[in-house]
Number of protein chains: 2
Amino acid sequence: MPKSERARAQRDVARQDARIDLGELESHLGYFVRRLQHWIFRDVNAALAPIELDVILYSILETIAANPGATQIAVAGALGIERARMVALLDDLQQAGLIVRERSEQDRRAHALGLTPRGRMILKKANVAVAAHEKRVARRLGADNYRRALTALSQFETD
Amino acid sequence: MPKSERARAQRDVARQDARIDLGELESHLGYFVRRLQHWIFRDVNAALAPIELDVILYSILETIAANPGATQIAVAGALGIERARMVALLDDLQQAGLIVRERSEQDRRAHALGLTPRGRMILKKANVAVAAHEKRVARRLGADNYRRALTALSQFETD
DNA sequence: TATTGTTATACTCTATAACTATA
DNA sequence: TATAGTTATAGAGTATAACAATA
């Protein structure tokens with residue numbers, strides 16, 4: 001099934017029945033965070049689909065670009081991805097010709113990650129698509145709410 | 001490897017991890033939403049574990065409490081759960097003696113959902129645990145940011 | 001002994017199709 | 001024909017454990 005169809009199916013399921021009341025859930029931040037996260041996930045993945053990326057692969061590319069030579073564990077740790085899962089994700093990116101894995105000279109157990117020229121080109125396109133997505137989020141949330149949300153949430157410290 | 005060298009190596013690794021820069025991700029709401037959602041999910045599930053619930057089962061109980069007699073499809077639609085998955089979730093709740101499924105009199109294909117006395121008792125306990133979780137979120141985010149986030153995100157309209 | 005990358009496995013979540021009983 | 005609930009299955013995502021090479 002094409003991604004657009006899958007996205008529509010998800011929308012249909014997510015659509016709320018107007019008669020249903022959510023009780024206490026309406027006062028819990030977690031409920032609204034989950035709802036927004038769901039919408040954002042769908043929208044950003046749709047935006048990245050034409051260049052054959054999803055938001056996880058994009059996040060990995062962007063992190064490698066900002067930290068050339070970083071190891072798989074460092075990137076995985078920064079993004080909250082299991083190192084076991086990172087292997088297959090990097091395999092995808094490598095097979096697509098977007099990244100290189102080179103043996104680290106300081107520590108021959110580790111791989112130093114880097115972008116290929118093609119990787120840099122695709123990342124540039126991805127950042128254009130993601131910027132457009134970000135504007136859609138801001139428009140749908142309202143400029144004031146968008147600014148409020150970004151300010152508030154960016155100050156949250158995880159463990 | 002001597003101890004002093006090992007200590008230095010560990011420091012170097014730690015410093016490298018701390019040095020990881022997330023690039024453009026730091027200006028994207030989606031990144032912070034995902035990060036917060038992940039923390040909230042873990043914390044609320046830990047809070048509900050002692051009464052053998054998770055946040056999905058709790059959300060279903062709360063929605064049934066607010067809409068007695070609602071059908072499986074109505075509750076599933078309101079919470080963004082596939083109706084196929086809802087079956088197993090309701091099986092769990094029914095087996096735990098928290099809900100009842102009764103044939104609807106208006107439409108004999110449908111189940112009218114309701115809480116048992118035990119379901120109401122457990123939901124009461126769950127709401128105490130979730131309220132404590134909500135306070136942890138507010139404290140960690142800061143009172144002002146918590147209010148800002150709740151205001152901003154609750155105004156987001158999904159499709 | 002510990003760590004990096006890797007493979008393997010199991011479990012959950014999501015999406016879809018197909019079936020049954022009703023409408 | 002269509003819908004509510006159900007079953008079955010396939011594909012992701014997540015969490016572990018174990019192993020080889022290296023520290």
Side-chain angles (χ1 to χ4, degrees), chain A residues 1-15 17 34 37-38 41-42 45 49 54-57 59-60 69-94 99-113, chain B residues 1-14 16-17 34 37-38 41-42 45 49 54-57 59-60 69-94 99-113:
Chain A
M1 184 192 243
K3 274 190 181 165
S4 59
E5 257 183 72
R6 207 158 53 223
R8 179 156 41 73
Q10 280 184 319
R11 235 184 353 262
D12 288 346
V13 166
R15 189 181 54 206
D17 188 324
R34 179 172 176 271
Q37 211 269 329
H38 196 247
F41 187 77
R42 264 194 299 112
N45 279 335
D54 63 26
V55 70
I56 298 172
L57 296 176
S59 299
I60 295 171
T71 65
Q72 297 188 185
I73 289 231
V75 173
L79 294 174
I81 303 169
E82 285 292 327
R83 77 182 200 274
R85 196 187 157 213
M86 183 60 102
V87 175
L89 293 168
L90 292 176
D91 285 350
D92 284 354
L93 291 172
Q94 194 170 25
I99 64 155
V100 288
R101 285 194 258 212
E102 286 170 359
R103 282 279 157 202
S104 166
E105 291 172 7
Q106 293 90 346
D107 182 343
R108 293 183 50 73
R109 290 171 305 183
H111 286 160
L113 300 174
Chain B
M1 185 192 255
K3 272 188 184 170
S4 59
E5 251 184 81
R6 198 159 60 226
R8 178 159 48 73
Q10 281 180 324
R11 257 201 319 278
D12 287 348
V13 165
Q16 195 182 356
D17 281 345
R34 179 173 176 271
Q37 211 268 328
H38 196 249
F41 187 77
R42 264 192 301 109
N45 279 336
D54 62 25
V55 71
I56 299 171
L57 296 177
S59 299
I60 294 171
T71 65
Q72 296 189 187
I73 290 227
V75 173
L79 295 175
I81 303 170
E82 286 290 330
R83 77 183 199 274
R85 197 187 157 214
M86 183 60 101
V87 175
L89 294 168
L90 291 177
D91 285 350
D92 285 354
L93 291 172
Q94 194 170 24
I99 64 154
V100 289
R101 286 194 257 212
E102 286 171 358
R103 282 281 158 201
S104 164
E105 291 173 8
Q106 293 89 344
D107 182 341
R108 294 184 49 73
R109 292 171 303 182
H111 287 160
L113 300 174

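For the numbers below, each heavy atom of this structure counts, side chains included, while hydrogens, waters and symmetry mates do not. Residue numbering restarts at 1 for every chain, and letters A, B, ... go by the order of the sequence lines.
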- Message: Within this structure, what is the CZ-CD1 distance for the pair Arg109(B) and Ile73(B), rounded to the nearest 0.5 Å?
- Response: 9.5 Å
- Task: Decide yes or no for Ile60(A) and Ile81(A): does some side-chain heavy atom of the first lie under 4.5 Å from some side-chain heavy atom of the second?
- Result: yes
- Query: Across the strands shown, which category fits Arg85(A) at heavy-atom distances under 4.0 angstrom: base, sugar-phosphate, nothing?
  - Reply: base
- Message: For Gln72(B) and Arg108(A), find the nucleotide of DNA chain D closest to each by heavy atoms; which residue's nucleotide sits nearer the 5' end?
- Response: Gln72(B)
- Between Gln94(A) and Arg101(A), a side-chain donor and acceptor under 3.5 Å: yes
- What is the distance from CG of Leu89(A) to P of dA12(D), rounded to the nearest Å? 12 Å
- Message: Both Asp54(B) and Ala112(A) contact DNA chain C. Which one's nearest nucleotide lies toward the 5' end?
- Response: Ala112(A)
- Using atom CD of Gln106(B) as one end and atom C1' of dG5(D) as the other, report the distance to the nearest whole Å. 17 Å
- Tell me which nucleotide among dA17(C), dG5(D), dT22(D) gets nearest to the side chain of Asp107(A). dT22(D)
- Query: To the nearest angstrom, how far is Asn45(A) atom CG from dG11(D) atom P?
  - Reply: 19 Å
- Taking atom P of dT22(C) as reference, at what distance in whole Å does atom CD of Glu105(B) sit? 15 Å
- Taking only the side-chain nitrogens and oxygens of Arg42(A), find out if one of them lies under 4.0 Å from OP1 or OP2 of dT14(C). no
- Provide, to the nearest angstrom, the distance between the CE atom belonging to Met86(B) and the C1' atom belonging to dG5(D). 12 Å
- Can you find a donor-acceptor N/O pair under 3.5 angstrom joining the side chain of Arg83(A) to the base of dG5(C)? yes
- Item | Closest listed nucleotide, where the reference is the side chain of Ile73(A) and the choices are dA23(C), dT6(D), dG5(C) | dG5(C)
- Separation of atom CD in Glu82(B) from atom C1' in dG11(D), rounded to whole Å: 14 Å
- Test for a donor-acceptor pair under 3.5 Å between the base of dT3(D) and the side chain of Arg109(B), counting only N and O atoms. yes
- For Arg34(A) and Gln37(B), does a side-chain donor sit closer than 3.5 Å to a side-chain acceptor? no
- Query: Leu113(B) has an atom CG; how far is it from atom P of dA4(D), in whole Å?
  - Reply: 13 Å
